[in-house]
There are 2 protein chains.
Amino acid sequence: MYKALFDHIEKFITLETSDIDKLESCLEISKIRKKEHVLEEGQICNTMYFVVKGCMRQYIINAKGTEQTLQFGIENWWITDYLSYHNHVPSSFYLQAVENSEVIAIDKNVLESLLIEIPNLERYFRIITQKSFGAMQMRIKFLFTMSAEERYHHFNDHFPDFVQRVPQYMLASYLDFSAEFMSKIRAGKV
Amino acid sequence: MYKALFDHIEKFITLETSDIDKLESCLEISKIRKKEHVLEEGQICNTMYFVVKGCMRQYIINAKGTEQTLQFGIENWWITDYLSYHNHVPSSFYLQAVENSEVIAIDKNVLESLLIEIPNLERYFRIITQKSFGAMQMRIKFLFTMSAEERYHHFNDHFPDFVQRVPQYMLASYLDFSAEFMSKIRAGKV
DNA sequence: TCAAAAACTTGAACTACTTCAAGAAATCAA
DNA sequence: TTGATTTCTTGAAGTAGTTCAAGTTTTTGA
């Protein structure tokens, strides 16, 4: 059940059996129904979520009242609002399930003590966060250098299955263009 | 000399004296002249840079041959290409000094062994990377929700001194609009 | 299984930006 | 101190996208 997480951790470090037990005793799986929120704007985010199954997203509601997806989190990704988490300030974001999902939620206080007890786990989080940061640097590059149509095709080429999984309007906003424009790109009307 | 870095580290964790010595023996300050590169596109990035003095930037050259700044790193920031660093693949970016700068360069192999020896240092990097990731999430939010003019004023309100430090065209591309448009915003001609 | 809700499509009008080209101002290096 | 380089400005023309509104299709849930 927690296997997905342990498998993911073992890709980067090796845990002692005692540490596995220690960690396991702190974990709890929860099921999040499609459209359910685990964080809403204004709340303080005290939890990190590891997606075991399904898909979560981070989004905002912009000045026009439209939702804009800033980030997706699928299987084997961690998702949280790191700024609210670390600075203990109200979040600017919503965290919501896009599909019925299963996540491992781990509370900040629990996690921070665990990390002090298990230095190797600290290492795991350092590595995956640095890698995510690298992915984000590439994302900024793509946003800055590609046209809307190029971003769509690029994403579609790299993640064809994922494109099928989420509503088009969510993907459109993630790629930073309107849902209507997405429709026209797909129809070849641009 | 390395004080800036030790001061920064001590904001997040406490190092044993022996660890301070160990770390110090691995550090080396280098001076980077304005416009000098520490990384060029296509090279593999094996170094992390801590800016002691001055300003560095990460940029690309786009399809039209124009430079686009993706990231600045000023005093007390780490800067590197995390994707190239972790995946050992050629970098998509340039890393260059915007001003005459002093940086502490630390080699990947040296750092990775140090991190294993000093778990607390692992913790330091985990925390600062997560915080940087949080800042990046906010940056995406601003890019997605604000107009060019709003982005300029928002940045100018929050970092008035920094705006004076870098050429306008670099800041314009960092905020994702053209240098010419920046000129018009500043002249109130939009 | 069917009504309601959610998601997608389409075209027309609009606009926030880019591009280009040329000149002016500021900074740099010898 | 001056010529060369870099940076900034300006206006005119163009365009990659948005917005709106209405209709269609698909999915959902009782």
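A note on names: the letters A, B, ... follow the listed sequences, proteins ahead of strands, and every chain is numbered from 1. Since the structure is predicted, the reported quantities are computational estimates derived from the model, not experimental observations.
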Check ring-ring contact (aromatic ring centres under 6.0 Å, His included) between B:His154 and all other residues, then give those that pass, not counting sequence neighbours. B:Phe142, B:His158

What ring pair (Phe, Tyr, Trp, His ring centres under 6.0 Å) pairs are there with at least one residue in residues 23-45 of chain A, not counting sequence neighbours? A:His37-A:Tyr59, A:His37-A:Tyr94

In whole angstroms, the gap separating C1' of D:dC8 from CD of B:Gln168 amounts to 6 Å

Given B:Phe72 and B:Trp77, is the ring-ring contact (aromatic ring centres under 6.0 Å, His included) satisfied, shown in steps? CA-CA 9 Å; B:Phe72 289 106; B:Trp77 276 84; over 10 Å; no

Salt-bridge criterion met for A:Glu75 and A:Arg165 (N-O under 4.0 Å): yes

Can you name the side chain to side chain donor-acceptor pair (under 3.5 Å) partners of A:Tyr85, sequence neighbours left out? A:Glu112

A:Arg123/B:Glu122 salt bridge by N-O under 4.0 Å criterion: yes

Starting from P on D:dC8, measure out to CD on B:Glu67 and report it in whole angstrom. 12 Å

Pick from A:Val52, A:Thr47, A:Val51: which one makes a side chain to side chain contact (heavy atoms under 4.5 Å, CB included) with A:Tyr49? A:Thr47

Hey, are B:Glu149 and B:Lys184 close enough for a salt bridge, meaning a charged N less than 4.0 Å from a carboxylate O? no

Parallel, tilted or perpendicular: which one describes the rings of A:Phe50 and A:His8, with boundaries at 30° and 60°? tilted

Whole angstroms only, please: what is the OH-P distance between B:Tyr169 and C:dT27? 14 Å

In terms of side-chain geometry, is the basic nitrogen of B:Lys31 or B:Glu102 positioned less than 4.0 Å from the acidic oxygen of its partner? yes

Base, backbone or nothing for each nucleotide of nucleotides 10-20 of chain D, written B, S, -, heavy atoms under 4.0 angstrom, 5' to 3'? BBB----SBBB

Take nucleotides 22-27 of chain D nucleotide by nucleotide from the 5' end and write B, S or -, depending on whether a protein heavy atom sits under 4.0 Å from the base, only from the sugar-phosphate, or from neither. ------

Computed from five pairs at either end and rounded to 10 degrees, the angle between the axes of the helix from C:dT1-D:dA30 to C:dA30-D:dT1 is 70°

When rounded to the nearest 0.5 Å, the distance separating CD1 of B:Ile140 from CD of A:Gln58 is 9.0 Å

Rounded distance (Å) that lies between atom P of C:dA7 and atom CG of A:Leu171: 14 Å

Distance in angstrom units between A:Met170 CE and C:dA7 C1', rounded: 10 Å

